[in-house]
Amino acid sequence: MTIEPMPVPLEPSPAAAAAVFELHGVRYLYGGRQTALDGIDLRIERGERVALLGANGSGKSTLLKLLDGIIAPSDGTMRALGRDVAAVADGLDSFRFHREVGLVFQDPDVQLFSATVFDDVAFGPLQLGLAQDEVRACCDEALRQMDIAHLSNRAPFELSGGEKKRAAIASVLSLRPDVLLLDEPTASLDPRTKWVLVNLIRQLGEGGKTLVTATHELEIVPLIAERVVVLGENRRVLADGRPAEILADRDLLIRANLIHEHLHEHGGTSHSHDHDLEHHEAE
Ligand SMILES: Nc1ncnc2c1ncn2[C@@H]1O[C@H](COP(=O)(O)OP(=O)(O)O)[C@@H](O)[C@H]1O
Ligand SMILES: [Mg+2]
C-alpha cells in the first residue's frame, strides 16, 4: 500500500510570537445547562509549564478539552496559537492545530486501541502521511521519551497502569506537538510508578515543550510546573502564581478543596492535620 502524503503547510505560522492560549471570559456549559467553566481569563505563553490545580468537578478536564479544540467556548473568546478558536474547527487548520497541540486523556484506554503499542504510537504519524522512515523516527523518539521502547510489540491490554499511561503519552508525543496537555497523568498510580512518570514529564518540560498538566496532587506540582493556576469550586481561576507561593497558602488550598482540615482530639488537646484529597476519594 502506498500512502499519499498529505499537504502539510510549512510556512511559519503567524502565531509564533503570540501566546499559546488566550482566554477571556470563557464559559462552558454541557448540554447548554450544566456550567463547567464560569468565566475563565487565562494566558499561557510558549514554553510555560503550568499545573492546573483543582478539586474534582472544578472544570480541569473541560478546560483541557477547550485548549485542545475538542469543544468550543459557550461564551467568551479564546485564541489558540494566535488563531481564533472558531477557525480550529475547519479541516486543514484543525489538522495543523493537532500537530501542535496534543491532549493525553486521563483514561489511557481512550487513547490505546491498536494491536500493539507501536501501532498506537505510529497511528498519528501515519495519519499525517509521513514517509515510513519519518514515521519510524517519530515513534522511536516518542517511545524513548517515555522509556517504553522495550514494550513496543506488546498489546496495550498487557500493560500495567503506569506503562499504559506512558504508551498513551507516547501516542501523542509521536506527532511532536509543541504543546502537551496532560489530564491527571498520575491518577491511580502507585508511588514508585508515579514518580517515574513525573520524572518523564519533567524531562519533556525541560525539552522546551509547553506543558499544561491538570492534577489535584499537590506533591507533584513543584516538579512539573513553574506556574500554578488554581480552579475554584466556583469554576473560575481562584489563584495564579508560583508553586512555592500557592502551595504555602493553606487557606487558599482549603477553599479550593485541595486540602481538608481535620480537627483531631487527643487526650484533651486538639491539633489539626491537612489531608490530601486522595485519602478521601476512591477513584
Ligand atoms: N459530559 C458531561 N455532561 C455534563 N456535565 C459534565 C460532563 N462532563 C463534566 N461535567 C460537569 O462539568 C463540571 C466540570 O467537570 P470536569 O471538567 O470533568 O472537572 P474536573 O476534570 O476538574 O474533575 C462538573 O460539574 C461535571 O459534573
Ligand atoms: Mg477531570
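Read the numbers this way: they start at 1 and go in the same order the structure lists the ligands and their atoms. As a basis for the values below, the full set of heavy atoms in this structure was taken, side chains included, without hydrogen atoms, waters or symmetry mates. Just so you know, residue 1 is the first one in the sequence shown, and it goes up from there.
Under the 4.0 angstrom criterion for non-hydrogen atoms, Ala214 is not in contact with ligand 1. Not a single heavy atom of Lys65 sits less than 4.0 Å from an atom of ligand 1. Ligand 1 lies within reach of Gly59, whose nearest heavy atom is under 4.0 Å from it.
Side chains of Leu112 and Val117 form no contact here, defined as non-hydrogen atoms less than 4.5 Å apart. Within the 4.5 Å cutoff, the side chain of Thr193 has no heavy atoms near those of the Ser160 side chain. Between Arg27 and Arg235, the closest side-chain pair of non-hydrogen atoms is not below 4.5 Å.
Of all the heavy atoms of Lys60, the ones lying under 4.0 Å from any atom of ligand 1 are found in both the backbone and the side chain.
When distances from atom 26 (C) of ligand 1 to the protein are checked, no heavy atom turns up under 4.0 Å.
With ligand atoms numbered from 1 in the order given, ligand 1 contributes 23 (O) to contacts under 4.0 Å with heavy atoms of Asn56. Short contacts between ligand 1 and Ala55, defined as distances under 4.0 Å to a heavy atom of the residue, involve ligand atoms 22 (O).
Nearest to atom 6 (C) of ligand 1 among the protein's heavy atoms is Tyr30 CD1, 3.2 Å. The protein heavy atom nearest to atom 12 (O) of ligand 1 is Ala36 CB, 3.3 Å. Of all protein heavy atoms, the one closest to atom 15 (O) of ligand 1 is Thr62 OG1, 3.9 Å.
Residue Leu173 comes nearest to Gln145 through the heavy atom pair CD1-OE1, 3.8 Å, listed as atom of the first residue, atom of the second, then distance.
One finds a salt bridge joining Arg176 and Glu141 here, because a Lys/Arg side-chain nitrogen approaches an Asp/Glu carboxylate oxygen to under 4.0 Å. In summary, Lys209 and Asp178 do not engage in a salt bridge, as defined by a charged side-chain N under 4.0 Å from a carboxylate O. Between Glu219 and Lys194, at least one side-chain N (NZ, or NE/NH1/NH2) sits under 4.0 Å from a carboxylate O, which counts as a salt bridge.
Between Ser58, Ser61, Gly31, Gly57, it is Gly57 that holds the heavy atom closest to atom 13 (C) of ligand 1.
Not one N/O/S atom of Asn56, from backbone or side chain, sits under 2.8 Å from the Mg ion (ligand 2).
A donor-acceptor distance shorter than 3.5 angstrom exists from the side chain of Gln111 to the backbone of Leu103, with no hydrogens or angles considered.
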